[in-house]
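Everything on this sheet refers to the single structure shown next.
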Amino acid sequence: MAQQTDTVVAPDTPGGSGARPGRPLGARLRSTRVLIGILPFTIYVFLGLVLPAVAIAVGAFQDSTTGDFTLSNIKTAASGIYLHGFGTTLGVAVITSIVPGIVGFLVAYAIFTAKRGAVLRRCVITASGVFANFGGVPLAFLFIATLGSTGMVTRWLIDIGLDPYTHGFNLYTFSGIVVVYMYFQIPLMVLVILPALEGLRPAWREAANNLGAGAWQYWRYVGGPVLLPAFLGCVLLLFGSAFSAYATAEALTSGSVPLTAIQIGSFLNGNVLAGQQNVGKALGLGMIVIIALVMTAYAVLQRKSAQWLR
């Protein structure tokens, strides 16, 4: 005997047979408002970041005369004075990210553990915000007027028999740029690492103490591993800031120190040999690649630290 199978038919929806109901009007309006809200930022990123980056990447592989594809610009940018410029820029960026990273962390930790820290925290954060955003020509003039060869502080040191320029220091060289960059890198580190310190939960310290752990054991097994990704991410942020800085070094040294950003500025000002107009774009492409790698690592570290510091 044949068996009959009953078929269950889903009831028709108001919009048609078996079709899923559409999204409510309120949800569609909210989605539209969100899209409209991010549209100006999307246009800004496209015009100010994506489009110039694409133009630089394309121009780096174009012959400046014929427009044909070529690798000569990349080869020129990766050799001679331009390679030396990358090395000098990386040296400045490494020094002015590690040293300010350590000093800024210690300052932030002192603020974090200070008694009556609310007022001190507001004052330091305000001052750090001002110092971290003070750069360019005004900052270069500030140091020239104080630590230049005829600066006010230099004259005071000479009067007491401590001439820094006779002991190897020169504000207008590599060491001078490092000193000037410390001025805004240390406050920047304080600003970016302080939220990570505040993310440490007091319960973790109390639990470690209850289990018999001392301060060293707490920082070695709990606080250190939790803060390490955030600390490394902040150091990478300082590296990117120093690596891409231009105006302060240009105003301070007038281009005598071969930094990559200054060399690109020379191309933009027309100081270029015939047939090498696109070498500046190749240099820019190199900086974009390095900054992209640094920011990618920074994003990964920040995501890892956010798992604990919520």
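Worth knowing before you read on, the calculation uses all heavy atoms, side chains too, and leaves out hydrogens, waters and symmetry mates.
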Whether Y172 and Y165 hold their rings parallel, tilted or perpendicular, with breakpoints at 30° and 60°: tilted
Determine the interplanar angle of the F105 and Y109 rings, folded into 0 to 90°, and report it as parallel if under 30°, tilted if 30 to 60°, perpendicular if over 60°.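 Because their plane-to-plane angle is under 30°, the rings of F105 and Y109 count as parallel.
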Give the intermediate values and the outcome of side chain to side chain contact (heavy atoms under 4.5 Å, CB included) for residues R121 and L194. CA-CA 9 Å; R121 180 180 182 276; L194 193 57; 3.9 Å; yes
Sort and list the pairs that fulfil salt bridge (Lys or Arg N to Asp or Glu O under 4.0 Å) and have at least one residue in residues 141-160, not counting sequence neighbours.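 Residue pairs passing salt bridge (Lys or Arg N to Asp or Glu O under 4.0 Å), neighbours aside: none found.
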Can you name the residues that form a side chain to side chain donor-acceptor pair (under 3.5 Å) with [X], not counting sequence neighbours?
X: D68; value: T66
X: S72; value: T70
X: S175; value: T173
X: Q217; value: none

Pairing residues for V58 by the side chain to side chain contact (heavy atoms under 4.5 Å, CB included) criterion, not counting sequence neighbours: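 For V58 the side chain to side chain contact (heavy atoms under 4.5 Å, CB included) partners, ignoring immediate neighbours, are V54, Q62.
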Residue list, side chain to side chain contact (heavy atoms under 4.5 Å, CB included) with I43, at least two apart or on another chain: L39, L47
Could you give all pairs that pass the side-chain hydrogen bond (donor to acceptor under 3.5 Å, both in side chains) test and reach residues 125-140, with sequence neighbours left out?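 Checked against side-chain hydrogen bond (donor to acceptor under 3.5 Å, both in side chains) - neighbours excluded - no pair reaches residues 125-140.
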Is it true that atom CZ of F169 has more than 12 heavy atoms of other residues, nucleotides or ligands lying nearer than 6.0 Å?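 It does: F169 CZ has more than 12 such atoms within range.
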Is a side-chain N or O of N278 found less than 3.5 angstrom from the main chain of A60, in a donor-acceptor match?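 Answer holds: no.
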For residues 136-148, tabulate all N or O donor-acceptor pairs below 3.5 Å that involve a side-chain atom, not counting sequence neighbours.
| from | atom 1 | to | atom 2 | distance (Å) |
| --- | --- | --- | --- | --- |
| T146 | OG1 | L142 | O | 2.9 |
| T146 | OG1 | F143 | O | 3.3 |

Which residue pairs pass the ring-ring contact (aromatic ring centres under 6.0 Å, His included) test when at least one of the two sits in residues 27-59, sequence neighbours left out? none
V92 and F239, any side-chain heavy atoms less than 4.5 Å apart: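 The answer is no; the side chains never approach within 4.5 Å.
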Please tabulate, for side-chain N and O atoms in residues 177-188, each donor-acceptor pair with protein atoms closer than 3.5 Å (sequence neighbours left out).
| from | atom 1 | to | atom 2 | distance (Å) |
| --- | --- | --- | --- | --- |
| Q185 | OE1 | S241 | OG | 3.4 |
| Q185 | NE2 | T96 | O | 2.9 |
| Q185 | NE2 | L238 | O | 2.9 |

Kindly list each side-chain donor-acceptor pair under 3.5 angstrom involving residues 249-257, sequence neighbours excluded, with atom names and distances?
| from | atom 1 | to | atom 2 | distance (Å) |
| --- | --- | --- | --- | --- |
| T253 | OG1 | A249 | O | 2.7 |
| T253 | OG1 | G255 | N | 3.4 |
| S256 | OG | T253 | O | 2.9 |

